[in-house]
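Data block below; observations after.
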Amino acid sequence: QVQLVESGGGLVQAGGSLRLSCAASERPFSTYTMGWFRQAPGKEREFVAAIRSSDGRIYYADSVKGRFTISRDNTGNTVYLQMNSLKPEDTAIYYCAAQRGYGTVSNPAQYDYWGQGTQVTVSS
């Protein structure tokens with residue numbers, strides 16, 4: 001059982017930056033594809049970014065492309081989400097997730113483990 005713990009959320013003004021971290025309990029961490037998702041009140045959980053374990057390929061949702069950067073530190077069992085130029089519409093609970101197989105990175109149903117989430121609030 002992989003345990004994921006997110007941190008780094010908070011309140012920031014529009015145009016500001018935050019860096020989210022997700023620490024994983026299990027080794028080898030490098031074998032998991034890692035993803036970030038978010039869920040705003042009254043909305044479905046949506047894909048934000050992912051980084052594959054097999055080849056390091058990175059994926060972003062169109063809404064965050066050019067503003068967010070996902071990265072991973074396999075030595076430290078941690079995945080990061082650097083968020084720049086934040087907008088009020090980025091306000092949501094952000095979740096990290098781990099996928100064991102080679103599934104569709106944007107489909108939350110294909111992830112095996114989830115963190116508890118961290119709140120990000122962007123004020124206008």
task: Check step by step if ring pair (Phe, Tyr, Trp, His ring centres under 6.0 Å) holds for F47 and F37.
output: CA-CA 5 Å; F47 170 73; F37 291 78; 5.7 Å; yes
Closest contact, heavy atoms only, N84 versus S17: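 Residues N84 and S17, closest heavy atoms: OD1-OG, 2.9 Å.
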query: Of the non-hydrogen atoms in Y113 and Q1, which two are nearest, and what is the gap between them?
result: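 Nearest pair, atom of Y113 first, then Q1: CE2-OE1, 3.7 Å.
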Whether over 12 other heavy atoms sit under 6.0 Å from Q119 CD: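 Yes - once you tally the heavy atoms of other residues, nucleotides and ligands closer than 6.0 Å, there are more than 12.
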- request: Take S124 and E89 through the side chain to side chain contact (heavy atoms under 4.5 Å, CB included) test and state the conclusion after the steps.
  value: CA-CA 10 Å; S124 57; E89 51 263 43; over 6 Å; no
- prompt: Within 45° of the axis and under 6.0 Å from the centre of the six-membered ring of Y32, does NZ or CZ of R100 qualify?
  reply: no
message: Within 45 degrees of the ring normal and closer than 6.0 Å to the centroid, is that where the cationic atom of R45 sits relative to Y95?
response: yes
Below 4.5 Å, heavy atoms only, C-beta onward: do [X] and [Y] meet side chain to side chain?
{"X": "Q82", "Y": "S71", "answer": "no"}
{"X": "I70", "Y": "V79", "answer": "yes"}
{"X": "W36", "Y": "C22", "answer": "yes"}
{"X": "D112", "Y": "V2", "answer": "no"}
{"X": "Y94", "Y": "L81", "answer": "yes"}
{"X": "R67", "Y": "M83", "answer": "no"}
{"X": "I93", "Y": "V120", "answer": "no"}
{"X": "F68", "Y": "L20", "answer": "no"}

query: Is the backbone of L11 close enough, under 3.5 Å, to the side chain of T121 for a donor and an acceptor to pair up by distance?
result: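 No: the side chain of T121 does not pair with the backbone of L11.
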- prompt: Without hydrogens or angle criteria, can the side chains of R52 and Y59 be said to hold a donor-acceptor pair below 3.5 Å?
  reply: yes
message: Quiz question: by atom type and distance under 3.5 Å, do the side chains of T78 and D73 form a donor-acceptor pair?
response: no
message: If hydrophobic clusters are built from ILVMFWY residues whose side chains come within less than 4.5 Å, do V122 and V64 share one?
response: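 Per the 4.5 Å side-chain linkage, V122 and V64 are co-clustered.
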field: same_hphob_cluster(Y60, L86) at 4.5 Å side-chain heavy-atom cutoff
entry: yes
- request: Take E46 and Q39 through the side chain to side chain contact (heavy atoms under 4.5 Å, CB included) test and state the conclusion after the steps.
  value: CA-CA 6 Å; E46 67 172 355; Q39 188 166 17; over 6 Å; no
